[in-house]
Amino acid sequence: MFYLAYIKSYSDKIPYFRTIAKNLWVIGCKFTLKLKSFIRSVDLEKVYWVNPKKIKYSFMQGSSCFSLYPIYTGKLFIKDWDLTQNLMKFEERNSYKAYYQRFIEGREWKETEFYQAVLNMMENGMFKWGCSSEKEFLERCKELNKLYEDIKENGFKTQKMLGKGRILKHKGIRELEDEIQIVINRNGHLIFYDGNNRLAIAKILDLDKIPFKIIHRHEKWMDFRKEIYQYIKKEMGGRVLEPLLHPDFSDIPSVWGNERFEIIKQNLTINSGHLLDMGAHWGYFCHKFEEIGFNCTAIEDSPKNFYFLRKLKRAGNMNFKVIDQLIYDFKDNLHFDIVLILNLPHYLFEKKERHDRFVKLLRKIKTSEIYLQIDPPLEMKEGSTHGNFIREDIINSVIKNANLKNVDCIGEIKGSKIFKLYC
């Protein structure tokens with residue numbers, strides 16, 4: 001659009017103008033990016049990775065919510081750009097439907113509704129996809145066929161991995177930012193902005209992850225982002241307990257990685273069902289298990305942990321249930337296929353009152369599998385009023401009161417063992 005509107009008429013007349021304009025554009029934009037990254041304390045050139053399913057919405061087609069290049073200008077045309085009335089599901093875009101018709105239904109481009117719509121627009125003097133004639137548009141469609149086959153055979157690569165940006169003969173100047181571009185709304189949702197072809201192909205091929213750049217963040221999301229970074233630094237020693245799965249927090253280190261989830265996943269006897277995470281902290285396991293098909297419930301009695309749990313759940317567009325009450329006061333439906341007790345054992349057993357109340361809860365829960373993690377040291381903290389429970393005591397207590405029979409040690413990480421308790 002920028003090239004067609006401001007550069008093309010000159011580049012066709014003046015030799016080498018296209019190359020000069022490209023170089024000046026690159027230098028100017030790179031400087032602007034560096035300056036804005038410094039001012040906002042975010043790296044606007046950073047490449048993130050995400051499952052394309054997480055990018056659910058785009059701006060309404062024809063929307064003028066943003067300036068043409070928000071990554072450089074940061075200017076918004078309307079105040080509440082991220083509200084529902086300004087958005088649509090990505091899969092409802094006409095261009096995505098064309099990809100679906102072409103690569104899923106097997107139609108030729110000329111047989112798609114989108115192709116005919118583009119021809120009508122070009123006949124009325126409009127440029128579409130950098131094309132002004134049917135001949136140019138057919139060439140463009142051939143390039144899209146090649147792009148689809150390349151991604152299907154070789155996977156999705158960043159522009160750095162490819163070694164160059166996209167250069168199309170009929171378009172001239174390539175866009176500086178040639179990754180998929182998204183913006184983040186006030187709730188942390190990823191909203192598609194640019195890179196329609198690649199995102200559509202990624203969704204149709206059902207790829208696990210794709211690279212993208214964040215070109216703008218809503219002010220309210222920036223406030224939450226700052227809040228969570230400050231809390232982790234001041235209260236958690238710079239590390240979260242478990243990985244934060246929102247891509248905008250992918251650089252925050254964690255005490256535990258994904259190993260515990262993988263160990264439990266490999267030992268499950270079912271692929272779906274109801275799961276309870278007791279002491280869910282910030283919701284990592286509910287995020288992961290919901291993604292593979294479980295209906296999850298997260299229970300967390302720490303007000304601060306629950307605050308971040310709820311915010312991160314909304315940011316991830318997740319559906320699991322969250323409950324902010326004491327573990328042993330939980331009175332909802334107590335029938336679960338899977339129960340996780342990964343961050344709690346010593347806390348629940350170091351005081352007699354806590355132990356007794358937890359035992360009451362275990363007797364009420366109906367489940368066939370419990371996954372239990374017990375961290376060293378095995379003894380209770382100094383000052384415990386309930387004696388020194390060792391690992392075997394904890395396991396035996398849970399098995400007995402949950403009416404289970406068997407126990408297997410299914411993994412060990414950093415000296416911490418994970419047990420599967422089952423019927």
Side-chain angles (χ1 to χ4, degrees), residues 241-242 255-256 259-261 263-270 273-281 283-286 289 294 296-302 305-306 323-423:
L241 182 63
E242 293 141 349
V255 175
W256 300 104
E259 298 90 346
R260 294 188 300 168
F261 168 74
I263 288 173
I264 295 171
K265 179 183 174 183
Q266 292 169 10
N267 284 275
L268 292 173
T269 55
I270 57 175
H274 290 84
L275 178 145
L276 172 66
D277 186 4
M278 301 176 66
H281 196 63
Y284 166 81
F285 284 99
C286 285
F289 279 104
F294 282 84
C296 301
T297 297
I299 183 168
E300 175 57 54
D301 58 20
S302 163
N305 286 340
F306 183 79
I323 299 174
D324 60 336
Q325 61 184 226
L326 294 175
I327 301 299
Y328 22 69
D329 290 340
F330 182 54
K331 296 177 182 179
D332 282 27
N333 175 27
L334 297 177
H335 291 257
F336 295 95
D337 300 291
I338 306 293
V339 174
L340 305 181
I341 310 176
L342 302 176
N343 300 316
L344 291 174
H346 286 302
Y347 169 80
L348 292 173
F349 282 80
E350 66 182 1
K351 303 284 186 182
K352 186 177 188 305
E353 180 185 2
R354 291 177 189 163
H355 170 261
D356 292 344
R357 294 173 73 182
F358 180 60
V359 164
K360 278 187 178 182
L361 174 61
L362 282 177
R363 290 172 180 171
K364 294 178 182 178
I365 289 177
K366 305 299 180 183
T367 185
S368 56
E369 293 181 27
I370 291 179
Y371 292 87
L372 175 70
Q373 180 180 3
I374 306 175
D375 298 335
L378 301 181
E379 293 77 20
M380 297 297 104
K381 296 178 181 177
E382 185 178 351
S384 169
T385 61
H386 195 43
N388 284 337
F389 267 71
I390 61 173
R391 179 184 291 157
E392 287 73 18
D393 292 330
I394 296 175
I395 293 172
N396 290 335
S397 178
V398 174
I399 286 180
K400 176 183 176 181
N401 291 292
N403 198 28
L404 301 175
K405 298 179 181 179
N406 303 295
V407 56
D408 293 332
C409 180
I410 58 174
E412 181 174 352
I413 307 169
K414 301 177 184 178
S416 178
K417 292 188 177 183
I418 301 175
F419 297 90
K420 176 180 179 179
L421 286 56
Y422 57 101
C423 295

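Remark: Leu340 CG to Thr367 OG1 distance equals 9.5 Å, nearest 0.5 Å. Taken to the nearest 0.5 Å, the SG atom of Cys286 stands 10.5 Å off from the CD atom of Glu300. Note: Asn305 CG to Asp324 CG = 12.0 Å, rounded to the nearest 0.5 Å. Taking CG of Leu404 as the start and CD1 of Ile395 as the end, the distance is 12.5 Å to the nearest 0.5 Å. Expressed to the nearest 0.5 Å, how far CD of Gln373 lies from CD1 of Ile413 amounts to 7.0 Å. To the nearest 0.5 Å, the span separating CZ on Phe261 from CG on Leu342 amounts to 12.0 Å.
The two atoms that bring Asn406 and Ile399 nearest to each other are O-CD1, 4.2 Å, heavy atoms only.
For the residue pair Asn267 and Tyr371, no side-chain donor N or O sits within less than 3.5 Å of a side-chain acceptor on the partner.
When side chains are defined from C-beta on, Asn403 does not count as touching Leu362, because their heavy atoms never get closer than 4.5 Å. At a threshold of 4.5 Å between non-hydrogen side-chain atoms, the residues Ile418 and Glu412 do not count as touching. Side-chain contact between Glu242 and Arg260: present, with at least one pair of heavy atoms (C-beta onward) separated by less than 4.5 Å. Side-chain contact check for Phe306 versus His281: every heavy-atom pair is 4.5 Å or farther apart. Contact check for Ile410 versus Lys417: no side-chain heavy atoms found under the 4.5 Å cut-off. Taking the side chain as every heavy atom from C-beta outward, Thr297 and Phe336 approach each other to under 4.5 Å. Counting heavy atoms from C-beta on, the side chains of Val359 and Arg363 come closer than 4.5 Å. At least one side-chain heavy atom of Ile374 sits less than 4.5 Å from a side-chain heavy atom of Leu372.
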* Take Leu361 and Met278 through the side-chain contact (heavy atoms from CB on, under 4.5 Å) test and state the conclusion after the steps. => CA-CA 11 Å; Leu361 174 61; Met278 301 176 66; 3.5 Å; yes

* Take Ile365 and Val339 through the test side-chain contact (heavy atoms from CB on, under 4.5 Å) and record every step on the way to the result. => CA-CA 9 Å; Ile365 289 177; Val339 174; 4.1 Å; yes

* To do: In sequence, state the C-alpha distance, the side-chain angles, and the governing distance for Leu421 and Val398, and then conclude on side-chain contact (heavy atoms from CB on, under 4.5 Å).
  => CA-CA 8 Å; Leu421 286 56; Val398 174; 3.5 Å; yes

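The aromatic rings of Phe289 and Phe294 stand perpendicular to each other, their planes meeting at an angle above 60°, with 30° marking the opposite boundary.
Between Ile338 and the choices Ile264, Asp277, Leu268, the side chain to side chain contact (heavy atoms under 4.5 Å, CB included) rule is met once, by Leu268.
Listed by chain and number, the residues in a ring pair (Phe, Tyr, Trp, His ring centres under 6.0 Å) with Phe419 amount to none (sequence neighbours excluded).
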